[in-house]
Number of protein chains: 2
Amino acid sequence: MTDRPIPPRRPMTLRDVSEASGVSEMTVSRVLRNRGDVSPATREKVLAAAAELGYVPNKIAGALASSRVNLVSVIIPSLSNMVFPDVLSGITEVLDETHLQPVVGVTNYRPEREEKVIYEMLSWRPSGVIIAGIEHNEACRRMLRAADVPVVEIMDVDGEPVDSVVGISQRRAGRMMAEAILKQGFERIGFLGTRMPLDHRARKRFEGFTEALARHGLEVADQEFYEGGSALKKGREMTQTLMQRTDDLDFLYYSNDMIGAGGLLWCLEQGIDIPGKLGLAGFNGTELLEGLAMKLATMDAGRRETGREAAKIIAARADGSLTEPRRIEIEPKISYGDTLRRYKP
Amino acid sequence: MTDRPIPPRRPMTLRDVSEASGVSEMTVSRVLRNRGDVSPATREKVLAAAAELGYVPNKIAGALASSRVNLVSVIIPSLSNMVFPDVLSGITEVLDETHLQPVVGVTNYRPEREEKVIYEMLSWRPSGVIIAGIEHNEACRRMLRAADVPVVEIMDVDGEPVDSVVGISQRRAGRMMAEAILKQGFERIGFLGTRMPLDHRARKRFEGFTEALARHGLEVADQEFYEGGSALKKGREMTQTLMQRTDDLDFLYYSNDMIGAGGLLWCLEQGIDIPGKLGLAGFNGTELLEGLAMKLATMDAGRRETGREAAKIIAARADGSLTEPRRIEIEPKISYGDTLRRYKP
DNA sequence: GTGAAAGCGCTAACAC
DNA sequence: GTGTTAGCGCTTTCAC
């Protein structure tokens, strides 16, 4: 055998499929994209050659040539929060029916990181942006506007959106829960939440909550904040702290279900009469709550629905069937569970 | 005022920045990428113009021209599993120190979906692929090999990797837990897990577990599987079912911490003596367990470390400092908690 | 139904 | 330090 020089390994291109099948590049491209009329015979030849080579088209080149990119940027603060995966499922469900696909970026609740993520995302010229929250710094807002892509801000409608917005009113959610608690006759109310100056949604909920209390001449009797660590454990610890410090509390409102569940577990272990002596409520409508001995009251923020509606807007903007910004306010739903209703309905 | 025709809104390009700053496109490109020497004066001019316009470079064009893409594809079965976000944090931690950035794809444990996700990902010509599991169909393996990118399969080392691999041996993890349980004198062992023929990791763990029992002349005394729904609730229900069906069980091994936690809650409510009369163990080393009244025994699969090591391999391959495939086996660590140790150490 | 030519917005390579 | 030229791998457009 003669030593034939091995050609340098070069990335595979349309041209390779073209040569392998004896069909022009243009027609190969048509087959691979299901565009235009191609005779069944050529079609087969092309597909066989492509499969044989294991060819995967280069979307970078395709996107540049067509200036069409099938990506939708989804920008969220965290993945470990339970909340955001649900929104993502909603988004995916809808986009799966289209040619669009989500790309996720995580900001860890840090504005400077959000700025960077938006910049990186936009540099890929996505077909749309879905971003959590309605509070963004000026640089972020300017980039989003200049990009000339459909933008949907989600999970909070209290403020001025860049473009479209889908979600609950966090302030209203806080108010609603306060009203429900007061209606059950509770009045010595403690609040437990995250120490997260940057979680605007939790903050607004708290504001709505205190505002509604104030309207009835009440205020939060005691409060406790945490950061980091196992939320379940923190809920447990904070509850103990609060109940020992202020022993006449008759209700505990938690800013999320996980700390609420921790608190509930602790209360049950202490043999506290719930909801007779002490009522409890969380926030989110987490699936986790199903598995506790007693069902914690909570409020479903319609996460999946939010994701679905946001994705629908992007899809409609992308195919041209929608041109105007939309505003969709989702209705939060209180779930009374076993820990909020003092009087039987 | 005269009616001046409004020019059609055209996507912004380097050229716009070039014109606005009076500097050549090439030099603008240099400034924006921090490449080569540019005088401070021109630099300033360019940056000012770019900021003013809100210009975001087009990475599609950049990637095509340079054949460099700073994306790393991360392909995982699910986001709602608690497990994968941890791996992702590990990956992000390491990639944040580089110019690389992760892009996540989710397969929902479905092979046909995995095939599609891989295809889509590869079509963007990423700098590397990190993919959960070592079982992939032939089409997937062929694509991954043909792509000529570094590939790291994670979370399971039992099998033939395409390229590099990082993770625990799931079989060994199952065996280790079996040994630990037997050493404590438990012998009537029940198993509770997901009915997921496609979760190869859970399956292998179970295989390793039964294999170790068999070596001691034992087998699983009873078992129960679930799918879908709230894992905490399912754990609770399955435990009840199992304990009622086979009332002499002295140990329950759960395939994940969430169902384990559900089971533990139920047992505690029933007043069962743990671990005197019944031992329990889960799997994953979930943070959640910190918040329970009793700490469930579990096994930490080193998720964050797995993510970190995988990302390090990709980064090293990308910058050329590594050329060979690597195999990194992570050591799983048993956490005895309060539910596995019958005899005080 | 198929092919040839031009060009998407950037960067590599080289000139000055 | 800065500019010019060619081309990355596709798709658009138009010709046949």
Side-chain angles (χ1 to χ4, degrees), chain A residues 8-47 49-50 53 55-70 99 120 122-127 147-148, chain B residues 8-47 49-50 53 55-70 99 119-120 122-127 146-148:
Chain A
R9 193 155 169 187
R10 181 183 46 71
M12 208 185 308
T13 70
L14 257 190
R15 177 180 208 120
D16 295 298
V17 183
S18 165
E19 283 170 0
S21 61
V23 176
S24 80
E25 285 185 45
M26 196 51 237
T27 301
V28 171
S29 166
R30 284 192 183 101
V31 172
L32 264 25
R33 285 177 301 144
N34 279 315
R35 282 280 146 87
D37 289 329
V38 180
S39 76
T42 8
R43 214 186 135 63
E44 283 318 309
K45 266 195 296 189
V46 170
L47 288 177
L53 293 169
Y55 173 71
V56 176
N58 184 332
K59 284 221 174 166
I60 299 184
L64 183 61
S66 66
S67 35
R68 257 191 289 277
V69 178
N70 69 338
H99 66 286
E120 286 289 328
L122 289 180
S123 73
W124 290 99
R125 301 293 188 265
S127 292
D148 199 28
Chain B
R9 193 154 171 189
R10 179 185 46 72
M12 209 186 305
T13 69
L14 256 190
R15 178 182 206 119
D16 295 299
V17 183
S18 165
E19 283 169 0
S21 62
V23 176
S24 79
E25 287 186 43
M26 195 56 233
T27 301
V28 172
S29 166
R30 283 189 184 104
V31 171
L32 264 24
R33 286 178 300 146
N34 278 315
R35 281 281 145 84
D37 290 328
V38 179
S39 77
T42 10
R43 215 187 134 63
E44 284 318 310
K45 266 195 294 188
V46 170
L47 289 177
L53 295 169
Y55 173 69
V56 176
N58 184 333
K59 283 221 175 166
I60 298 184
L64 184 61
S66 65
S67 35
R68 258 192 289 277
V69 178
N70 70 338
H99 66 287
Y119 186 89
E120 286 291 326
L122 289 180
S123 72
W124 289 100
R125 302 293 189 263
S127 291
D148 200 29

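Everything numeric in this text was worked out from a predicted model, so none of it was measured. Order of the sequence lines fixes the chain letters, A, B, ..., with proteins taken first and strands second; residue numbering starts at 1 for each chain.
- Put simply, OH on B/Tyr55 and CG on A/Leu122 are 12.5 Å apart, with the number rounded to the nearest 0.5 Å.
- For the pair A/Ser24 and C/dA4, the criterion of a side-chain N or O lying under 4.0 Å from OP1 or OP2 is not met.
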| request: Would you please test B/Val31 and B/Val23 for side chain to side chain contact (heavy atoms under 4.5 Å, CB included) and show each step? | output: CA-CA 10 Å; B/Val31 171; B/Val23 176; over 6 Å; no
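- For B/Arg68 and D/dC8, the CZ to P distance is 15 Å, given to the nearest whole Å.
- The separation between A/Lys59 atom NZ and D/dG9 atom P is 18 Å, rounded to whole Å.
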Measure all distances between protein nitrogen or oxygen atoms and nitrogen or oxygen atoms of nucleotides 7-9 of chain C, and list the pairs falling under 3.5 Å.
unit_1 : atom_1 : unit_2  : atom_2 : d
C/dC8  : O2     : A/Ala65 : N      : 3.2
C/dG9  : N2     : B/Ala61 : O      : 3.3

| message | If you apply the rule side chain to side chain contact (heavy atoms under 4.5 Å, CB included), what do you find for B/Lys59 with B/Asn70, and how did you get there? | response | CA-CA 10 Å; B/Lys59 283 221 175 166; B/Asn70 70 338; 3.2 Å; yes
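- In this structure, A/Arg15 places its CZ atom 13 Å from C1' of D/dG7, rounding to the nearest Å.
- Distance check: B/Glu44 CD to B/Ser39 OG gives 9.5 Å after rounding to the nearest 0.5 Å.
- Contact check for A/Ser29 versus A/Leu14: side-chain heavy atoms found under the 4.5 Å cut-off.
- The interatomic distance linking A/Asn70 (CG) with D/dT11 (P) rounds to 12 Å, in whole Å.
- Residue B/Met26 contributes atom CE, which lies 9 Å from atom C1' of D/dG3 at whole-angstrom precision.
- Within residues 27-35 of chain A, the residues having any heavy atom closer than 4.0 Å to DNA chain C are, in order of number, A/Thr27, A/Arg30.
- If you take CZ of A/Arg43 and C1' of C/dG1, they are 14 Å apart, rounded to a whole angstrom.
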| request: I would like to know whether B/Arg125 and A/Val56 meet side chain to side chain contact (heavy atoms under 4.5 Å, CB included); could you show each step before the answer? | output: CA-CA 9 Å; B/Arg125 302 293 189 263; A/Val56 176; 4.0 Å; yes
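- Remark: B/Arg35 CZ to B/Thr27 OG1 distance equals 15.0 Å, nearest 0.5 Å.
- The CD atom of A/Glu25 sits 8.0 Å away from the CD atom of A/Glu19 when rounded to the nearest 0.5 Å.
- Put simply, the side chain of B/Ser66 gets close to the backbone of B/Gly62: a donor and an acceptor are under 3.5 Å apart.
- Distances shorter than 4.0 Å separate some side-chain N or O of B/Thr42 from OP1 or OP2 on D/dT2.
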